[in-house]
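Beneath this line is the structure, given in structure tokens, with notes to follow.
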Amino acid sequence: MKKKVFSGVQPSGNLHIGNYLGAIRNWVEVQGQYENVFCVVNAHAITVPQEPAVLHAKTREVAAIYMACGIDPEESVVFVQSHVPAHFELTWMLNGITPMGWLNRMTQFKEKAGEERESVSTGLFDYPVLMASDILLYDADLVPVGSDQTQHIELTRDIAQRFNYLFGDTFKLPQALVRETGARIMALDEPTKKMSKSSESPMGAVDLLDTPDAIKRKIMRAVTDPLRGIAFDPERHGLFNLLTIYQLLSGSSRDQIESHFEGKGYAELKRELVDLVVESLRPIQERYAQIMAEPQYLEDVLARGAERASVISEAKLRQAKEHMGLL
Ligand code: AMP
Ligand code: TRP
């Protein structure tokens, strides 16, 4: 029996190379080894304001990007979260057994809510319970994500354990699958912060659909430091981040990269990184354009994905309802 994988990305803002290197690329790498479900988590996106037409379009865009990056919808289930109502139903059931204190400890909520704690939506607070439902409905063993999501997966285990204790064995306890390198790509213009879709500054993230010109502009202006020498020094945040991106896209080792850039400066590194990023994204962008040129094909993939996901999740939901006394 193959182990099961579940993961997802929100269709809010533009997907960037942090999403690719921290998450989607790793999904593609393990695709053959596991049974996979990949979701476009649009119900997570509506925990902050979204323009309906934009959300609808972005949802398709993200699904197309999954496929352009190498997710094969024949092999893996690809679907849109809101097309499968079990996610909403289980969230409400798990809300009944999740203490407020557990959610109060979530660092992502604290960061996102900030000073606005009283005015952000209830959904933003409850977001990790929806995420737990996503994962638990599919009996996922492994959840490949960037390191910002590990706390949510720990919480998912706690919720599953509590449900199993209260109502009998129902849910499998999942584990995060986080790579050592690339789990936290930093913003180019502010390398002490993670690269993010929601950042106000467009210079922080290289988006997967950026033109070569935009990629060049962003990387050439990336913040570094006044020191000399190209080395993987985690204390030199900006440089370390550029070198990490270089390492992941080139497949070279750190030693090889350091000797390659020996005696060279930032300008040289940045120029080579621009070429590497442009060439790495080119095939993805080409496939993306092909997929988007056939909107009916994409709709068919998502309809079929929702059917397959419903079969799995409905069975689990039914079991959970039975155990809770809801049937
Ligand atoms: P999100 O953009 O919050 O929908 O995240 C989607 C996936 O990308 C999750 O697995 C995140 O952990 C991952 N991710 C987001 N930002 C980064 C980043 N800067 N570096 C590495 N992984 C990231
Ligand atoms: N919360 C995740 C993020 O922002 C996205 C997500 C929602 C997810 N449900 C999930 C990731 C289930 C993995 C598994 O990155």
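Whatever order the structure lists them in is the order used to number ligands and atoms, beginning at 1.
Listed by atom number, the atoms of ligand 2 under 4.0 Å from H44 heavy atoms are 7 (C), 9 (N). Atoms of ligand 1 lying under 4.0 Å from any heavy atom of G22, numbered from 1 in the order shown and given with element: 21 (C), 22 (N). Taking every heavy atom of A23 and a limit of under 4.0 angstrom, the matching atoms of ligand 1 come to 7 (C), 8 (O), 10 (O). Of all atoms in ligand 2, numbered sequentially from 1 with element shown, those under 4.0 Å from a heavy atom of Q10 are 4 (O). Those atoms of ligand 1 with a heavy atom of K197 less than 4.0 angstrom away are 1 (P), 2 (O), 4 (O). For ligand 1, the atoms sitting less than 4.0 Å from at least one non-hydrogen atom of Q149 are 12 (O), numbered in the order shown with element in parentheses. Counting the atoms of ligand 1 from 1 in the order shown, those under 4.0 Å from a heavy atom of M195 are 16 (N), 18 (C), 19 (N). Proximity to V143 (heavy-atom distance under 4.0 Å) selects the following atoms of ligand 2: 13 (C), 14 (C).
Proximity of M186 to ligand 1 is not established, as no heavy-atom distance is less than 4.0 Å. Look at G182 and you'll find a heavy atom under 4.0 Å from some atom of ligand 1.
The proximity of L130 to ligand 2, defined as any non-hydrogen pair under 4.0 Å, does not occur for either the backbone or the side chain. Contacts between R184 and ligand 1 below 4.0 angstrom, taking non-hydrogen atoms only, involve the backbone exclusively. Using a 4.0 Å cut-off between heavy atoms, H44 makes no contact with ligand 1 at all.
Considering P144, A187, A183 only, the shortest heavy-atom separation from atom 21 (C) of ligand 1 involves A183. The option with the heavy atom closest to atom 23 (C) of ligand 1, from among S12, G18, S7, is G18. Here the shortest heavy-atom distance to atom 10 (C) of ligand 2, taken over M131, K197, H87, belongs to M131.
In this structure, the separation between CZ on R157 and CD1 on I135 is 11.0 Å, given to the nearest 0.5 Å. Rounding to the nearest 0.5 angstrom, the gap separating the CG atom in L326 from the CH2 atom in W92 is 12.5 Å. Atoms CG and OG1, on D126 and T98 in that order, are 7.5 Å from each other to the nearest 0.5 Å. The line from OG of S121 to NZ of K112 is 10.0 Å long, rounded to the nearest 0.5 Å. Atom CG of L281 sits about 7.0 Å away from atom CD1 of I17, to the nearest 0.5 Å.
The protein non-hydrogen atom at the shortest distance from atom 5 (O) of ligand 1 is N19 ND2, 3.5 Å. Of all protein heavy atoms, the one lying nearest to atom 5 (C) of ligand 2 is G8 O, 3.7 Å. Scanning the protein heavy atoms around atom 1 (N) of ligand 2, the nearest turns out to be Y127 OH, 2.7 Å. The single protein non-hydrogen atom nearest to atom 20 (N) of ligand 1 is I185 N, 2.8 Å, given as residue, atom name and distance. At the top of the distance list for atom 15 (O) of ligand 2, counting protein heavy atoms only, stands Q149 NE2, 3.2 Å. When only non-hydrogen protein atoms are considered, atom 9 (N) of ligand 2 lies nearest to D134 OD2, 2.7 Å. Taking atom 12 (C) of ligand 2 as the reference point, the nearest protein heavy-atom neighbour is F6 CE2, 3.5 Å. Residue, atom and distance of the protein heavy atom nearest to atom 3 (O) of ligand 1 are Q10 NE2, 3.8 Å.
Residue G8 places no N or O, backbone or side chain, under 3.5 Å from any N or O of ligand 1. Considering backbone and side-chain N/O atoms, S147 never comes within less than 3.5 Å of an N/O atom of ligand 1. The distance criterion of under 3.5 Å between nitrogen or oxygen atoms is not met by K194 with respect to ligand 1. Ligand 2 has no nitrogen or oxygen under 3.5 angstrom from a nitrogen or oxygen of D148. Residue Q108 places no N or O, backbone or side chain, under 3.5 Å from any N or O of ligand 2. Of the N or O atoms in V9, none lie within a sub-3.5 Å distance of an N or O in ligand 1. Residue D148 places at least one N or O, backbone or side chain, under 3.5 Å from an N or O of ligand 1.
Electrostatic pairing of K193 and E111 does not count as a salt bridge here, judged by no charged N lying under 4.0 Å from a carboxylate O. A salt bridge between D189 and R221 is absent, with no side-chain N of the basic residue lying under 4.0 Å from a carboxylate O of the acidic one.
When all heavy atoms are compared, the tightest approach of F163 to A320 is CZ-O, 3.7 Å. Minimum heavy-atom separation, L302 to A63: CD2-CB, 3.8 Å. Listed here is the closest heavy atom pair of Q31 and N36: O-ND2, 2.9 Å.
With ring centers used as reference points, Y127 lies under 6.0 Å from H152. For F261 and Y266, the gap between ring centers reaches or exceeds 6.0 Å.
Taking the six-membered ring where tryptophan is involved, the planes of H87 and Y138 are tilted, since the angle between them lies from 30° to 60°. Note on ring orientation: taking the six-membered ring where Trp is involved, the planes of Y66 and W27 are perpendicular (angle over 60°, cut-offs 30° and 60°).
When atom types are taken as modelled, the side chain of S133 and the backbone of T91 share a donor-acceptor pair closer than 3.5 angstrom.
Neither side chain, T192 nor H237, offers a donor N or O lying under 3.5 Å from an acceptor on the other. A donor-acceptor pair shorter than 3.5 Å can be found between the side chains of D134 and Q81. Side-chain polar atoms of T107 and Q151 form a donor-acceptor pair below 3.5 angstrom.
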